[in-house]
Amino acid sequence: MKNTALLLLLSSAALAGCTAQNGIASSAASPAPTLELTADAETVPVGTVNRDAADDPAIWRNAKDPAKSLIIGTDKRAGLYVYGLDGSKKSFLPEGELNNVDLREVMIDGKKTVLVGASIRNDPANAHVGLYKLDTVTAKLSLLGKYPAGAGEAYGFCFGQDHGGEIFAYMIEKSGFVRELTLSFADGKATSKVTREYKLATQPEGCVVDDRTGRLYVGEENTGIWLFDLNADSFTPQRFANINGRELVADVEGLALAADGENGGYLVASSQGDNAYVLYDLVTGNYVNRFRLVDGAIDGTSETDGIEVIMGDFGPAYPEGLMVMQDGANEGGTQNFKLVSWSKIKAAVAP
């Protein structure tokens, strides 16, 4: 009888400590001190209701008129939204099932172009990358093409760009493959080729490239964060951060960079399991601080998937930079994205 009771107790404890699976947040809260901040704005909800739909944001900063910057957000059941900084919907491009999104400015046919890329999941057996042009005047996206990215289900996605302007796409495949695609835009036509790959042991998703240092960061959801040195001959990662239930609670989801100077700043990670965001020093790799968004004039965030941070002037509301995060349980039931001034985060985490 005592043995049975002990087994039941151990089983209950194991269940209570389960980490996030398939986008469902863990009930295990980190014991680490966690700052509480509030959102400054939010987007209108995505069109897919009563489902896990909104997933990942990207940000284009309008250097000439910062207040007219744009946010691209995925509805992973339907397509790509473009939002203004006031959260209003500017346009929507129906593209079916896609997941993560990123952007870079590139030269195509001698013209500076805002290139948007996304991982397309319409074919679970074969990964594809969708490439799009963002018209920054009309705030509309147009398709350049869809390009194969190896076998398996497309999941995470990010761009990287070297100092010579060459651009690469990184496809994070659901079974564990991290693939590098070299992109070319000769004669105005996009081409892609898988040039390197590495397989992680379990499911990864979030990724981000630090173009300054040539480092790719990839989140393996139930394990931690890996660092790939893109300048090295070997496409082999080294451990950057562990999921330990304190600083970082599984799943680790979106990754973003708050760059400062030549190589400084923070790597920001979505600690989905306890609805928080974690900051690491990019130079030392050390844990710095963590925070979460709680209810204020705008509801807080929970079960966050994708995040993005872009530094620079975005107008009076966001003078030093902008962070955007997906809200997995938006008040009212339909998911959206929250906006927070980087000045607020900076003052809180490193006063």
Shared ILVMFWY cluster between [X] and [Y], side chains joined below 4.5 angstrom?
X      : Y      : result
Tyr147 : Tyr132 : no
Leu143 : Leu134 : yes
Tyr266 : Met325 : yes

Starting at [atom1] of [X], measure out to [atom2] of [Y] and round the result to the nearest 0.5 Å.
X      : Y      : atom1 : atom2 : result
Leu115 : Gln161 : CG    : CD    : 9.0 Å
Tyr83  : Ile72  : OH    : CD1   : 11.0 Å
Leu279 : Tyr287 : CG    : OH    : 8.5 Å
Ser69  : Ile59  : OG    : CD1   : 9.0 Å

Can Asp109 and Lys111 be said to form a salt bridge (Lys or Arg N to Asp or Glu O under 4.0 Å), step by step? CA-CA 6 Å; Asp109 273 347; Lys111 298 178 181 178; over 6 Å; no
Knowing that exactly one of Asp56, Thr74, Asp52 qualifies, which makes a side chain to side chain contact (heavy atoms under 4.5 Å, CB included) with Gln326?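 So, applying the side chain to side chain contact (heavy atoms under 4.5 Å, CB included) to Gln326 and each of Asp56, Thr74, Asp52, only Asp52 qualifies.
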For the residue pair Tyr280 and Phe240, categorise the inter-ring angle as parallel (less than 30°), tilted (30 to 60°) or perpendicular (more than 60°).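 Aromatic pair Tyr280/Phe240 classed perpendicular.
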Is the shortest side-chain N to carboxylate O distance from [X] to [Y] below 4.0 Å?
X      : Y      : result
Arg121 : Glu153 : yes
Arg196 : Glu180 : yes
Lys338 : Asp40  : no
Lys76  : Glu95  : no
Asp102 : Arg104 : yes

Assess the residue pair Arg61 and Asp313 against the criterion (salt bridge (Lys or Arg N to Asp or Glu O under 4.0 Å)); give the C-alpha distance rounded to whole Å, side-chain angles, the decisive distance to 0.1 Å, and a yes or no. CA-CA 8 Å; Arg61 190 178 81 87; Asp313 177 18; 5.4 Å; no
Can you tell me if Lys344 uses its side chain to pair, donor with acceptor, with the backbone of Thr38 under 3.5 Å?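 Looks like yes, one N/O pair under 3.5 Å.
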Could you check Ser175 against Tyr155 for side chain to side chain donor-acceptor pair (under 3.5 Å), going step by step and ending with a plain yes or no? CA-CA 9 Å; Ser175 74; Tyr155 210 43; over 6 Å; no
How about [atom1] on [X], more than 12 heavy atoms from neighbouring residues, nucleotides or ligands closer than 6.0 Å, or not?
X      : atom1 : value
Lys146 : NZ    : yes
Lys189 : NZ    : no
Glu331 : CD    : no
Arg239 : CZ    : yes

Would you please test Arg290 and Thr34 for side chain to side chain donor-acceptor pair (under 3.5 Å) and show each step? CA-CA 5 Å; Arg290 68 198 322 274; Thr34 303; 2.8 Å; yes
Aromatic contact between Tyr170 and Phe159, with the criterion being ring centroids under 6.0 Å apart: yes or no?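 So the answer is no for these two rings.
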Establish, yes or no, whether a centroid distance under 6.0 Å links the rings of Tyr198 and Phe235.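 Tyr198 vs Phe235: aromatic centres not under 6.0 Å.
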Is a donor from one side chain sitting under 3.5 angstrom from an acceptor on the other, for Asn336 and Glu42?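 Checked: Asn336/Glu42 side chains pair up, N/O donor to acceptor below 3.5 Å.
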Step by step, would you call Trp226 with Glu220 a side chain to side chain donor-acceptor pair (under 3.5 Å)? CA-CA 7 Å; Trp226 297 93; Glu220 188 177 1; 2.7 Å; yes
